[in-house]
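First up is the structure itself, then whatever we jot down about it.
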Amino acid sequence: QVQLVESGGGLVQPGGSLRLSCAASGSMFRIKLNGVDWYRQAPGKQRELVATITNDGSTNYADSVKGRFTISRDNAKNTVYLQMNSLKPEDTAVYYCNGENPEAPGVFDYWGQGTQVTVSS
């Protein structure tokens with residue numbers, strides 16, 4: 001069974017930084033073999049894709065966070081990170097990690113419980 005657990009959210013002032021973590025567990029799930037995405041959902045809005053990292057380490061970002069957010073991974077810890085800098089109030093949302101199914105490549109159907117990020121002065 002695959003489990004994804006996010007952590008690192010909190011309250012931060014505009015311009016500040018946070019680092020989110022997504023720790024993966026499960027005998028078949030390996031960060032270096034399976035892709036992981038970060039999504040976010042603000043109140044009243046649809047969930048949106050923020051950043052992706054593929055099994056070969058390629059990354060991609062939403063235009064709204066490009067240059068401010070960095071997705072990375074630690075294969076030994078089976079953990080994916082989202083470093084968020086220069087945070088803006090519009091980054092306020094619940095952030096979720098989303099993992100690729102080890103038994104169904106290309107299917108991303110594992111979700112964490114989410115971590116709240118609030119950017120406010």
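Keep in mind the model is a prediction, meaning the values are calculated, not measured.
Placement of W38 and F29 within a single hydrophobic cluster is found when ILVMFWY residues are connected by side-chain heavy-atom separations under 4.5 Å, directly or transitively. The same ILVMFWY cluster, assembled from side-chain heavy atoms under 4.5 Å apart, contains both V2 and V36.
Contact check for L20 versus M84: side-chain heavy atoms found under the 4.5 Å cut-off. Inter-residue side-chain proximity for S120 and L11 is flagged as met; some heavy-atom pair is nearer than 4.5 Å. Here the side chains of C97 and V80 are not in contact, with every heavy-atom distance at 4.5 Å or above. Q13 places none of its side-chain heavy atoms less than 4.5 Å from the side chain of L87. Side-chain contact between T79 and I31: absent, with no pair of heavy atoms (C-beta onward) separated by less than 4.5 Å. Two residues are said to be in side-chain contact when any heavy atoms from C-beta on lie closer than 4.5 Å; L82 and I71 meet this criterion. Two residues are said to be in side-chain contact when any heavy atoms from C-beta on lie closer than 4.5 Å; R68 and Y61 fail this criterion.
For Q1, the CD atom is loosely surrounded, since the number of other residues' heavy atoms within 6.0 Å does not exceed 12. Shown here is K45, whose NZ atom has no more than 12 heavy atoms of other residues, nucleotides or ligands within 6.0 Å.
No side-chain donor-acceptor contact under 3.5 Å links N78 to the backbone of G26. Counting only distance, with no hydrogens or angles, the side chain of R40 and the backbone of T92 share no donor-acceptor pair below 3.5 Å.
To the nearest 0.5 angstrom, R19 atom CZ is 11.5 Å from N85 atom CG. In this structure, CZ in F69 is found 4.0 Å from OH in Y95, a value given to the nearest 0.5 Å. Separating the CG atom in N75 from the CZ atom in R30 is a distance of 10.5 Å, to the nearest 0.5 Å. Distance CE/M28 to CG/N101: 8.0 Å, rounded to 0.5 Å. Residue L49 holds its CG atom at 11.5 Å from CZ of R47, rounded to the nearest 0.5 Å. Here CD1 of I53 is found 11.5 Å from OH of Y81. Values are rounded to the nearest 0.5 Å.
Using a cut-off of 4.0 Å between Lys/Arg side-chain N and Asp/Glu carboxylate O, D91 and K88 are scored as not salt-bridged.
Under the ring-ring contact (aromatic ring centres under 6.0 Å, His included) criterion, Y110 pairs with no residue, sequence neighbours left out.
Nearest heavy atom pair, residue T115 against residue G8, reads OG1-N, 4.2 Å. Heavy-atom minimum distance, S121 versus P14: N-CD, 3.7 Å.
Ring geometry for W111 against Y96 counts as perpendicular: the plane angle is over 60°, on a 0 to 90° scale with 30° as the lower cut.
Judged purely by distance below 3.5 Å, without hydrogens or angles, the side chains of D37 and T52 never pair a donor atom with an acceptor atom.
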